[in-house]
Amino acid sequence: GPAGIETGSRWFSFTAPENGVLHAELESWWSVADRTSLTVFTGESLATLSPAGGPSLSLDRIVGKGVTYHIRVQTPNDLQDTIPVRLRVSYGVYPANDNVADAAIIPSADGDLIGSNDFATTEPGQAPNVSGERAVWYRFTAPEAGALVVNARPTEESAARHFLQVGFASGETAQGLTWVERQVRE
């Protein structure tokens with residue numbers, strides 16, 4: 001646990017039904033947030049556990065089908081039974097257009113496109129987004145020179161939790177992107 005603080009642990013486990021993303025997040029009173037953490041481990045017994053993410057208050061972990069992940073929640077011993085701490089865990093399959101190389105094709109400049117970055121991951125070499133969120137990727141090739149207008153709108157649910165960032169770049173890999181423009185909508 002945090003340096004100089006005696007902590008107690010609560011343990012949970014999760015076995016991934018498919019390859020995907022595990023999101024774990026602690027909710028606690030602000031007064032103990034700096035003394036509370038979660039860590040994800042893999043392994044068959046306490047003696048063989050290996051850290052696979054954390055410690056932190058929130059983390060996303062790419063998980064493998066059939067692998068069991070052990071989640072340790074640490075809280076200060078003096079507060080273990082008096083301050084409620086809620087662990088929120090969600091699991092999902094990452095989007096097909098999670099990586100630059102797998103960008104979804106936008107077939108024309110006219111029409112609506114609906115997508116989601118739920119359970120998207122950060123690709124190795126991917127420049128951090130202004131909003132800190134995970135990215136999904138789309139590819140558009142202009143049929144001729146001209147202006148492209150994009151109106152991006154978050155869902156009502158995601159608008160309350162997230163910023164919306166739209167960026168335009170050229171390149172074929174996360175490491176090789178050249179950003180043309182980025183906009184953040186709050």
I need the minimum non-hydrogen distance between [X] and [Y], along with the two atoms involved.
X: Phe119; Y: Val93; result: CB-O, 3.9 Å
X: Val136; Y: Ala120; result: CG1-CB, 4.0 Å
X: Tyr69; Y: Ile62; result: OH-O, 4.2 Å
X: Ile106; Y: Tyr138; result: CD1-CB, 3.7 Å

Expected output: side-chain Asn19 to main-chain Lys65 donor-acceptor under 3.5 Å: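 Such a contact is found between Asn19 side chain and Lys65 backbone.
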Side chain to side chain donor-acceptor pair (under 3.5 Å) involving Ser13 - partner list, sequence neighbours excluded: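 With sequence neighbours excluded, Ser13 shows a side chain to side chain donor-acceptor pair (under 3.5 Å) to no residue whatsoever.
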Residues that Thr15 engages under side chain to side chain donor-acceptor pair (under 3.5 Å), provided they are two or more places apart: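 Checked Thr15 against side chain to side chain donor-acceptor pair (under 3.5 Å); matches are Thr68.
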Pairwise distance CG(Leu22) to CG(Leu59) - rounded to 0.5 angstrom: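 It is 7.0 Å, given to the nearest 0.5 Å.
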Point-to-point distance, once rounded to the nearest 0.5 Å, from CG of Leu38 to CD of Glu25: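 One finds 9.0 Å between CG of Leu38 and CD of Glu25.
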Any side-chain heavy atom of [X] sitting closer than 4.5 Å to one from [Y]?
X: Ser37; Y: Arg72; result: no
X: Leu87; Y: Phe12; result: yes
X: Leu57; Y: Leu26; result: yes

ring-ring contact (aromatic ring centres under 6.0 Å, His included) partners of residues 89-114, not counting sequence neighbours, each pair once: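 ring-ring contact (aromatic ring centres under 6.0 Å, His included) check on residues 89-114 returns Phe14-Tyr91.
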Shared-cluster residues of Leu46, by chain and number - hydrophobic side chains joined below 4.5 Å: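 Its cluster mates, by chain and number, are Trp11, Phe41, Leu49.
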Within residues 51-64 or reaching into it, pairs that qualify as salt bridge (Lys or Arg N to Asp or Glu O under 4.0 Å) - sequence neighbours excluded: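 Every salt bridge (Lys or Arg N to Asp or Glu O under 4.0 Å) pair that includes a residue of residues 51-64, provided the two are not neighbours, is Asp60-Arg134.
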Qualifying salt bridge (Lys or Arg N to Asp or Glu O under 4.0 Å) pairs, either residue in residues 89-102, two or more places apart: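 Non-adjacent pairs meeting salt bridge (Lys or Arg N to Asp or Glu O under 4.0 Å): zero.
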